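The structure appears right after this line, and notes come after that.
Values reported hereafter were calculated over all heavy atoms of this structure, with side chains retained and with hydrogens, waters and symmetry mates removed. No experiment lies behind these values; they were computed from the predicted model shown. All ligand and atom numbering here is 1-based and tracks the order in the structure.
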Amino acid sequence: MKKILVTGGAGYIGAHTIIRLAGSGYEPVILDNFSNTDERVLKGLREILGRDVTLYRVNCTDREALDDVFRRERPDGVIHFAAYKAVAESVAEPLRYYHNNLLSLIHLLACMEVHGCHDLVFSSSCTVYGQPKQNPVTEQTPRLPANAPYGRTKQMGEDIITDFCAAHPDFRCALLRYFNPVGAHESGLIGELPYGVPGNLVPFLTQVAAGVRSELVVFGNDYGTSDGSCIRDYIHVMDLAEAHVAALGYIRSGNPGCAIFNLGQGLGHSVLDVIKTFTDVTGVKVSYRIGDRRPGDVEQIWADVALASQELRWKTTRTLSDALRDAWNWQVRLISESHSG
Ligand code: WQD
């Protein structure tokens, strides 16, 4: 069975991908420093998979510790999720972001080279496009200067991997540009665990719906969109997880070099659409008000997913409604767990 090292494998997208890897004949190994997740993810994975997943509590910036994991596990491939990802935080703490996100990647590539591991799936982001001049964006849409250090670490990460691939023809990589991951596994046993005040729309929305927070602020309704609020491409996290397995299969079927794929629904929804859809799906009203624009937000972006559909033979099968239903199911479970202590 092919062993896949999943850095950040206890994180939001990582944990959902672990489920699909295990279900697709791979043996996943989790490597995580638990800086942005917690033990309950392991409990949820155990309940879903019926077994424990091999786990290393390691920081990817620790080259020796990373090397030791490669020596012990000798993985056939790597999916690299481990990175800090809060846009606003990256503006306040750029050095912490460059150190963590770039040094982790550089150490990982060096370890892969030393240990003869040639297959990498890399977690990138639509943020590399900045504010596109037109939508939907394809993989050929020029990258524009990112709005924050977080986005720059993703652009630099893509460049580091591209250069590494050019110098190592036997290396095979897929750079996956996520749009907006939302939702949770249908069991409600794992989901998004935002620490502190959620930066992203959907976890904040579900916390307002659950009464954890009093009100959602819509960051601006004076944009050039149909209802004035920003448009994004929301993709169910399980569809995203399945895309990672498809990307692994794509590179392992002998496609050398570095391939880039947009991973989204291929649909744009406004913030106000999301709020309305949430209430339509759950019957729960969400208290919100219109506030100022959030610095750094792009007005609208959604994906052209033709390349992933054609090359990865993958497409989303879940809707925004499915994602919001599953996000709410997860939030309700979180609340009931906190009440039961
Ligand atoms: C979505 C929309 C906000 C919160 C970022 C990163 C991206 C990825 C996902 C890591 C925007 C609006 C939000 C709120 C609001 N990160 N909003 N009130 O900014 O599109 O993407 O997170 O993988 O790389 O760039 O996601 O969920 O923060 O915002 O009105 O309380 O919701 O203005 O239009 P974003 P988001």
**Request:** Would you tell me whether Tyr56 and Arg72 have side-chain atoms, one donor and one acceptor, within less than 3.5 Å of each other?
**Result:** no
**Prompt:** List by chain and number: which residues place a heavy atom under 4.0 Å from ligand 1?
**Reply:** Lys85, Val87, Ser125, Thr127, Tyr150, Asn180, Gly199, Asn200, Leu201, Leu216, Val217, Val218, Phe219, Cys230, Arg232, Tyr234, Val271, Arg294, Asp297
**Asked** Is any NZ, NE, NH1 or NH2 atom of the basic residue among Asp273 and Lys276 found under 4.0 Å from an Asp or Glu carboxylate oxygen of the other?
**Response** no
Do any side-chain atoms of residues 307-317 form donor-acceptor pairs under 3.5 angstrom with protein atoms, and if so which ones, sequence neighbours left out?
residue : atom : partner : partner atom : Å
Trp314  : NE1  : Asp239  : O            : 3.0
Thr317  : OG1  : Asp239  : OD1          : 3.2

**Asked** Are Asp67 and His115 linked by a side-chain donor-acceptor pair shorter than 3.5 Å?
**Response** yes
**Prompt:** Without hydrogens or angle criteria, can the side chains of Glu89 and Tyr97 be said to hold a donor-acceptor pair below 3.5 Å?
**Reply:** yes
**Prompt:** Just checking, is any N or O donor in the side chain of Thr225 or Gln300 under 3.5 Å from an acceptor N or O on the other one?
**Reply:** no
